[in-house]
Amino acid sequence: MIEPFQTPRKRAAALLAWYDAHRRDLPWRAGPGERADPYAVWLSEIMLQQTTVATVRGYYEAFLARWPTVEALAAAPLEDVLAAWAGLGYYARARNLHACAGRVARELGGRFPQSEAALRGLPGVGPYTAGAIAAIAFDAPSAAIDGNVERVMARLHAIAAPLRQAKPLVREKVEEMLPAARAGDFAQALMDLGATVCTPRAPNCGACPLAADCVAYRCGVAEAYPIKGKKAEKPKRRGAIFVLQRGDFALLARRPPKGLLGGMSAFPATPFDRDVPPDDWLGFAPCPAAWRALPESVAHVFTHFALSATVFVARTTSPRPLGSAGRWAALSDLDKEGLPTLMRKAAAAAGLL
DNA sequence: TAGACGTGGCA
DNA sequence: TTGCCAAGTCT
C-alpha cells in the first residue's frame, strides 16, 4: 500500500525526485545544474506551442545554427524566418517570433525580461509561455500551465468542469504545489510527467509518482479526464491552386501578411475562407492560359476546415502575367522557397518536387 | 468568448 | 478512413 503524500509540497518533492530519474534529454534543455540560455528557451517554447517534440527538434537545431543569438534573428529578413519556419505550421508564431526578437534586440538591449509579467507583454508570449520562460530560464516560481499540466491536474483532482472553465482551478492547484527552489525543474517535471506517464490515452499510472494522491486514478477513471468540451465540426471546402510555369521557373506569390498561411510564399489560389465551386475556379487564375486540371486533387486538413484543392497547370512565355504580383522562382530551388505544406503538396502533384 | 490558426502521427 | 491530439496565442 502506497502512503499518500498528502500535502502539495510533498507531492512536488516526489515529482522532482521522479524527474531526476526520468527526465527527457532534449536539445533545448540544460543539463542538471546548468543554466539555460533564455534565447534558446524562448525559441523552443514558441516552436513547441501545439507542436510535438519530434517535429520541433530539427527546426530548433536549424534555427539555432543559423541564428545563434536574438540579435542575429532580429537582423534577419522576415521572409527568411518564414521560409525557415515553413512546414511547422501556425505561421503567426514565426511572425511574432521575428517581431519579438526585434523588440528584445532593439528595445531591451538583447536581454529577455525576467519577470512573468514583462515576458507576457512580448509578441507571441501568452500565459503559458511567459510562465515557462520565467521558470525555466530564470528559475522564477511561476506556473507554466500547458495541455500536459492541465491533464495531470484534472486527473489528480478529478476536475469535472471542461478545461476552458477549469483554468482558474487548475492554476490554483499548480500554484499551491510550486516549490521554493528548482522552479524550472518543477515546471519541466510536470510537463514530462504529462508527456510520458500521464498521457491522454492509456496513462501509465503504475509509474506515476503522484498516483497515491490521484483522485481519478483511485476511482479507476484516470483516462476519463480531462473532460473535453464539444468539438466544432470541420467543414469541407473546395478550391484550386494554380501552378504557372515559364521555362524552368514557376510563379509564386506572397500571401497577405495575416490570416491563413499569412506572409508565406505560395502558388496563386482561390480563397480558402469559403467553399469555391468548380465553375468559379478559373476566375481566380493569375492570368488567362491553357489551364489543365490535374486528375488527382490535393487534400489538406487545416485546424478548422478540410480542403480539397484541384491543381491547375499551365505554361506561358509572357514575361509577367498581367495583374499578378508574383515572382518567378527557379524550379531547381523550389524546395528552398519555404512553401507551406499545402503548397508543397501542389508542387509535388504537378511534378515539380 | 469562441473561433482562427498548421501539421504529422497514431489508433 | 476518420478523429484525436501536441509545451497556445490572438482577436
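Both backbone and side-chain heavy atoms feed into the values below; hydrogens, waters and symmetry mates do not. In the text below, chain A, chain B and the rest are named by the order of the sequence lines, each starting its count at 1.
- Straight-line distance between the P atoms of C:dT11 and B:dG6: roughly 14 Å, to the nearest whole Å.
- Whole-Å rounding puts the A:Leu48 CG to C:dT9 C1' distance at 15 Å.
- Between the side chain of A:Arg255 and the backbone N or O of A:Leu260 there is at least one donor-acceptor pair closer than 3.5 Å.
- Nearest nucleotide to the A:Asp146 side chain, out of C:dT9, B:dC5, C:dG8: C:dG8.
- Distance CG (A:Leu88) to P (B:dT7): 10 Å, rounded to an integer number of Å.
- Ring planes of A:Trp42 and A:Phe112: tilted class, angle from 30 to 60°.
- Contacts of A:Gly194 with the nucleic acid, taken as non-hydrogen atoms under 4.0 Å apart, are absent.
- Distance from the side chain of A:Arg120 is smallest to C:dC10 among C:dT9, B:dG6, C:dC10.
- Looking only at distances, no side-chain donor or acceptor of A:Arg155 sits under 3.5 Å from a matching main-chain atom of A:Pro226.
- Between A:Gln50 atom CD and C:dC4 atom P there is a gap of 15 Å when expressed in whole angstrom units.
- Among C:dC10, C:dG8, B:dT7, the nucleotide with an atom closest to any side-chain atom of A:Phe302 is B:dT7.
- One atom, CZ of A:Phe272, and another, P of B:dT7, lie 11 Å apart when rounded to the nearest Å.
- If you check every strand for non-hydrogen atoms under 4.0 Å, A:Ser44 touches nothing.
- Counting heavy atoms from C-beta outward, A:Leu88 and A:Met47 have side chains that approach closer than 4.5 Å.
- In this structure, the CD atom of A:Glu233 is 12 Å from the P atom of C:dC4, given to the nearest Å.
- Of the residues in residues 18-40 of chain A, those with a non-hydrogen atom less than 4.0 angstrom from any atom of DNA chain C are A:Arg24, A:Leu26, A:Trp28, A:Arg29.
- Taking atom NZ on A:Lys231 and atom C1' on C:dC4, their separation rounds to 9 Å, with Å as the unit.
- Judged by atom type and distance alone, A:Arg164 does not reach the base of C:dG8 through any side-chain donor-acceptor pair under 3.5 Å.
- Residue contacts shown for A:Val125 are limited to sugar-phosphate atoms, with no base heavy atom under 4.0 Å away.
- The residue A:Lys234 sits apart from the nucleic acid: no heavy atom pair falls under 4.0 Å.
- In this model, no donor atom of one side chain and acceptor atom of the other lie less than 3.5 Å apart for A:Arg93 and A:Gln49.
- Residue A:Arg24 places its CZ atom among more than 12 non-hydrogen atoms of other residues, nucleotides or ligands, all under 6.0 Å distant.
- Between A:Tyr91 and B:dT7 there is a side-chain N or O to OP1 or OP2 distance below 4.0 Å.
- Of the two residues near DNA chain C, A:Gly124 and A:Asp192, the one whose nearest nucleotide lies more 5' is A:Asp192.
- Close to B:dG8, at under 4.0 Å from its OP1 or OP2, lies a side-chain N or O of A:Thr341.
- Among the atoms of the strands shown, none is found under 4.0 Å from any heavy atom of A:Gly262.
- In this structure, A:Leu252 is a member of the same hydrophobic cluster as A:Ile241, with clusters built from ILVMFWY side-chain heavy atoms closer than 4.5 Å.
- A:Leu339 places its CG atom 11 Å from the P atom of B:dT7, with the value rounded to the nearest Å.
- Considering only the side chain of A:His300, B:dG6 comes nearest among B:dG6, C:dT9, C:dG3.
- In this structure, A:Thr52 does not reach the C:dC5 phosphate: none of its side-chain N or O atoms is under 4.0 Å from OP1 or OP2.
- Look at A:His304 and you won't find any side-chain N or O under 4.0 angstrom from OP1 or OP2 of B:dA4.
- Annotation: A:Lys236, atom NZ; neighbour count of heavy atoms from other residues, nucleotides and ligands within 6.0 Å does not exceed 12.
- Contact of A:Thr55 with B:dG9 (side chain to base): no donor-acceptor pair of N or O atoms is detected under 3.5 Å.
- Annotation: the span from A:Ile46 atom CD1 to A:Leu97 atom CG amounts to 6.5 Å, rounded to 0.5 Å.
- Put simply, CZ on A:Arg201 is 14 Å from P on B:dG9, counting in whole angstrom units.
- Between A:Ala232 and A:Ala92, the residue whose closest nucleotide on DNA chain B is further toward the 5' end is A:Ala232.
- When the P atom is compared between C:dT2 and B:dC5, the two are found 23 Å apart, to the nearest whole Å.
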